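Here is the naming used below: chain letters follow the sequence lines, and residue numbers restart at 1 for every chain. Note that the coordinates shown come from a computational prediction; the quantities given were computed from them, not determined experimentally.
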There are 2 protein chains.
Amino acid sequence: MNIGEIAKRAGVSRSTVSYALSGKRPVSEDTRQKIQRVIDELGYQPNASARALANGRTNTIGLVFPPAGNHYTGMQLDFIGSVTEAAAAYDYDVLLSPSGVDSDRSFQRLLGERRVDGAILMEIRLQDDRLDHLAAVDFPSVAIGRTAHPEGGWWVGLDHTALAAACVHHLADLGHRRIAFVNRPEQLLRAGYESAHRGLDGFTKAAAERGLTVRTYCCGDDAASGLACLERILHDDPATTALVTLNEAALGGLYRGLAQAGRHVPRDFSVTGVVASRWAETVTPQLTAADVPAEQMGRLAVDLLVERLDHPGTPARHHLLAPPISLRASTAPAGTGPADPAPDLGAPTHP
Amino acid sequence: MNIGEIAKRAGVSRSTVSYALSGKRPVSEDTRQKIQRVIDELGYQPNASARALANGRTNTIGLVFPPAGNHYTGMQLDFIGSVTEAAAAYDYDVLLSPSGVDSDRSFQRLLGERRVDGAILMEIRLQDDRLDHLAAVDFPSVAIGRTAHPEGGWWVGLDHTALAAACVHHLADLGHRRIAFVNRPEQLLRAGYESAHRGLDGFTKAAAERGLTVRTYCCGDDAASGLACLERILHDDPATTALVTLNEAALGGLYRGLAQAGRHVPRDFSVTGVVASRWAETVTPQLTAADVPAEQMGRLAVDLLVERLDHPGTPARHHLLAPPISLRASTAPAGTGPADPAPDLGAPTHP
DNA sequence: ATCTGTGGTCGAACCGGTTCGCGTGAAGTG
DNA sequence: CACTTCACGCGAACCGGTTCGACCACAGAT
C-alpha cells in the first residue's frame with residue numbers, strides 16, 4: 001500500500017504516480033485515470049512521515065497551552081477548539097503541547113525534532129522565555145497574548161489595559177467609589193502573566209484617574225477561591241460596592257460570596273470584568289463584561305501563522321483586540337442599596 | 001544538523017551514531033563520549049519524520065473530539081487536558097482531530113496517512129461508524145464512552161444508566177414524586193450519543209421502579225437553553241419539585257430559571273445530575289451530583305492505549321466507572337416548600 | 001596454532017515519498 | 001526537411017533516520 005505498489009499495478013513508474021497526484025508536471029489523461037482507478041481501488045493515501053521527510057514540511061502546527069496553575073481554564077478550551085478548526089480548514093493538523101517553559105521535553109520535541117511547521121503559544125508572560133527562544137532560532141510562531149515588548153512580533157492580543165480601564169469607567173460612571181479588583185492567582189501574577197499584569201495596570205490607572213478607592217486581590221482559579229476572596233473583600237472594606245474581575249473561574253464563587261453576605265447583585269453590589277461570553281451568561285444575574293472573543297482570536301492566530309508559513313520573510317503582523325463591554329444585568333448605579341452595610345454583614349460566615 | 005553531520009564531526013559512521021543513541025548495539029565508552037560531546041555542542045535532535053518513517057511509529061496519538069453540537073463542552077476540555085498530560089508522561093504527543101464522522105478529511109488523515117500510532121475517541125454514539133471503521137482495519141484505539149455493543153472493545157466509560165438511576169433514587173428517597181429530566185440537545189440524542197441515551201434509560205427505569213411522575217426534556221448546551229427549558233418544565237407541570245440533568249452547560253440557565261420563577265433551591269426545588277465537579281461547585285447552591293471523573297478517565301484511556309500499542313494482541317480491556325453522588329447543597333426533602341405553587345408562578349416571564 | 005565468541009565498527013539497504021535530469025516522439029516553424 | 005518546442009514518462013538521487021550483514025581484532029578455549 002505504498003506508492004511503489006500503485007505504480008506497479010498501474011504499469012508506470014513511481015515518479016509518474018507522484019506527479020499525477022501533485023500535478024507538478026503534466027501527465028496524460030489516460031495514465032492519470034489509470035492511476036486514479038488503482039488508488040481508489042486500494043484506498044491508497046500517501047504516508048505522512050515520508051512526505052514530511054521528503055519536502056521538509058509536516059503540515060502540522062503546534063499548540064502550546066500550559067496549564068494555568070493546576071488546571072485548564074475555559075478560555076483555553078475556546079482557543080483550542082477554534083485553533084483546531086481553523087487549522088483544519090487549511091488542512092493543517094494540530095499537535096498539543098502542555099509545556100510551560102522552554103526546557104520542557106514536550107516543547108523540545110516540537111521544535112528540535114521538527115514535528116511541526118510552526119507554533120501557536122498561549123498563556124503569554126511579559127517576559128517569555130519560550131518566545132525568546134523561538135525568536136532566537138527564527139521559528140515561525142504566533143503568540144496569543146503579547147509580551148512587554150511585542151514590537152516586531154507576530155501575535156494576536158487583547159488590550160487588557162483598556163478593557164480593565166473600561167470596566168472601571170463603567171462603574172465610576174454609575175457612581176461607585178470603592179471598588180475591588182479580582183485578579184488571576186498570585187502565582188500567575190508573579191510568573192508575569194500578561195493579562196494579570198496589564199489588567200491590573202489598567203484598573204489601577206483608571207481608578208486613580210477617577211479618584212476611586214480601590215483594593216486589589218489575587219484569587220485562585222476556582223469557585224472556592226472566589227468565595228474566599230469575596231469574603232476578604234468585604235472584610236477589608238465593607239463599604240465596597242463593586243468589583244472588576246479577570247478571573248472567570250472564580251466568578252461563581254464571587255457570586256456565592258455576595259449572596260451569602262446578603263448583597264444583592266446588582267442592587268447592592270455591581271460586578272463586571274473581562275470574561276468569555278459563555279461564562280458571563282452562565283451566572284445569575286448575567287455578567288456585564290467585556291467579552292473575550294476567543295474563537296476569533298484562535299482563528300486570527302491561525303491565519304497569521306499560515307501566512308507566515310506560506311510567505312516567509314513577510315514583515316510581522318499582529319491584531320490587538322478590544323471588544324466593547326456587553327451590558328447585561330450585573331451592574332447598577334451605586335447608592336440604590338444601603339450606603340453603609342448593616343454592621344453584622346462585615347464578616348460573613350458560611351456553613 | 002543531521003546524523004551524518006554528527007558522524008562526520010565525531011569521526012565515525014552514521015550507524016555508529018545511531019547505535020550510540022539507541023543502545024541497541026554495544027559502542028565503546030570512548031566513541032560514545034566523543035559522539036555525545038558533538039551532540040551537546042550542536043544541540044542535535046533527531047528528526048521525527050525520518051525516525052517515524054524508518055521505524056514505522058510516530059510516537060503520537062490522535063485525539064478525536066468532535067464538537068458537541070456547535071461548541072465544545074467543559075468536559076471535553078478536561079479530557080483533552082488529562083489525555084495530553086498522561087500522554088506526555090509516556091513521551092507521546094497528541095494530535096487533535098475535530099472529526100465527527102468517519103469520512104472527515106481530518107479523520108482520514110489521521111489514519112490513512114499514518115500520522116498517529118493509535119487514537120482516543122470521544123463523544124461516542126451507540127452506533128459509531130468511526131469505531132466500526134477502526135475495528136474493521138484493526139487500528140489501535142480506545143474509546144472514552146461505550147457503544148451499544150462494547151464487548152471485545154477497548155474503552156473507558158461512565159455508567160450513565162446507574163448514575164442517572166442513583167440521582168432518581170436520591171430524589172425519591174427525599175420524597176420527591178414529580179421530577180423532570182434535562183438531557184443533552186435533541187440533535188445529539190437523535191445522533192445516538194451514548195450518555196444521552198443511557199442516562200435517559202437509567203432515569204426512566206428508575207423512575208418507573210419508584211412510581212414517580214416524570215417528564216423528560218432535551219436542552220441546548222448553553223445557559224439560554226437551560227432557562228428556556230426550565231420555563232417549559234414549570235409550564236408543563238408546575239408541581240414539579242426536582243430535576244436531574246446531564247447537561248452541565250445548561251446548569252446556569254436552569255438555576256436562573258428557578259430563581260426567576262421564585263423557586264428557592266433546595267427549599268422549593270431540588271436539582272441534581274451527572275456533572276464534572278468544577279461545574280457543580282460553580283453554581284450557588286453547589287450542586288449535589290455524580291461527579292464525572294474526567295481527569296481519571298483521560299488518564300485511563302491513555303494507559304489502555306499505550307498498553308495496546310506496546311503489546312499488540314493483548315485481549316481487550318476496559319474500565320466502567322460509577323462515581324458516587326457527592327452530597328452538596330442543591331437537594332432537600334420535598335414538601336418543605338409550598339406543595340402547590342402560587343398561581344401566578346405558573347408561566348414566569350423574564351426581562 | 002587453530003577455532004570460537006564477542007565487542008566494536010562500517011557500508012549498504014531500506015522506510016515511502018519528492019524532484020531533478022534526461023530521453024523519447026509528436027507537433028509546430030522557417 | 002532540419003530544428004526547436006513541448007508533453008510525457010522513466011530512472012536515480014535525495015530527505016534523515018534505522019538496521020542488517022560483514023569485517024576485524026582480540027579474548028579465552030582446546
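Atom NZ of B:Lys8 and atom P of C:dT9 are 20 Å apart (whole Å). Between B:Ile3 atom CD1 and C:dG11 atom C1' there is a gap of 14 Å when expressed in whole angstrom units. Rounded to whole Å, atom C1' of C:dT18 lies 13 Å from atom CG of A:Asn47. Rounded to whole Å, atom P of D:dG21 lies 15 Å from atom NZ of B:Lys24. The distance between atom CD of B:Glu29 and atom C1' of C:dT9, rounded to the nearest whole Å, is 16 Å. For the pair A:Arg115 CZ and D:dG17 P, the computed distance is 13 Å after rounding to whole Å. In this structure, the CG atom of B:Asn55 is 17 Å from the P atom of D:dG16, given to the nearest Å. Rounded to an integer number of Å, the gap from B:Leu21 CG to D:dT18 P is 7 Å.
OP1 or OP2 of C:dC10 sits under 4.0 Å from a side-chain N or O of B:Thr16. Taking 4.0 angstrom as the limit, B:Arg51 places a side-chain polar atom (N or O) nearer than this to OP1 or OP2 of D:dT18. When the side-chain nitrogen and oxygen atoms of A:Ser18 are compared with OP1 and OP2 of C:dT18, one or more of them lie within a distance under 4.0 Å. The shortest distance between the side-chain N/O atoms of B:Tyr44 and the OP1/OP2 oxygens of D:dG17 is below 4.0 Å. Considering only side-chain N and O atoms, B:Asn2 lies under 4.0 angstrom from the phosphate OP1 or OP2 of D:dG16.
Contact check on A:Asp104 versus A:Arg109 returns no salt bridge, with no Lys/Arg side-chain nitrogen under 4.0 Å from an Asp/Glu carboxylate oxygen. Under 4.0 Å is where a charged nitrogen must lie from a carboxylate oxygen, and between B:Glu5 and B:Arg9 at least one such pair does. Between B:Glu307 and B:Arg317 there is a salt bridge, with a side-chain nitrogen of the basic residue lying less than 4.0 Å from a carboxylate oxygen of the acidic one. The pair A:Glu85-A:Arg299 does not meet the salt-bridge criterion, since no charged nitrogen lies less than 4.0 angstrom from a carboxylate oxygen.
Residue side chain B:Arg57 does not reach the base of D:dG17 through any donor-acceptor N/O pair under 3.5 Å, judged by distance alone. Checked by distance alone, B:Arg25 brings a side-chain donor or acceptor within 3.5 Å of a matching partner on the base of C:dT9. Taking only distance into account, the side chain of B:Ser15 meets the base of C:dG11 through a donor-acceptor pair shorter than 3.5 Å. Scanning atom types as modelled, no donor and acceptor separated by under 3.5 angstrom connect the side chain of A:Arg14 and the base of D:dG11.
Comparing atom distances between the B:Ser13 side chain and each of C:dC10, D:dG16, C:dT18 picks out C:dC10 as nearest. Listed nucleotides: D:dC10, D:dT19, C:dG17. Nearest to the side chain of A:Tyr19: D:dC10.
The residue among A:Ser49 and B:Asp30 whose nearest nucleotide of DNA chain C lies closer to the 5′ end is B:Asp30.
Checked against the 6.0 Å centroid threshold, B:Phe79 and B:Phe65 do not count as a close aromatic pair.
A:Pro46 comes within 4.0 angstrom of sugar-phosphate atoms only, judged by non-hydrogen atoms across all strands, and of no base. Heavy atoms of B:Ser28 sit under 4.0 angstrom from primed sugar atoms or phosphate atoms, though from no base atom.
Residues A:Ile144 and A:Leu300 form no side-chain contact, since every pair of their non-hydrogen atoms from C-beta on lies 4.5 Å or further apart.
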CA sep, side-chain torsions, deciding dist, call: B:Leu131, B:Thr147, side chain to side chain contact (heavy atoms under 4.5 Å, CB included): CA-CA 9 Å; B:Leu131 285 175; B:Thr147 64; 3.5 Å; yes
So B:Thr58 and B:Asp117, side-chain hydrogen bond (donor to acceptor under 3.5 Å, both in side chains) or not? Walk me through it. CA-CA 6 Å; B:Thr58 59; B:Asp117 297 334; 3.0 Å; yes
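Of the residues in residues 31-43 of chain A, those placing a heavy atom less than 4.0 Å from an atom of DNA chain D are A:Thr31, in numerical order.
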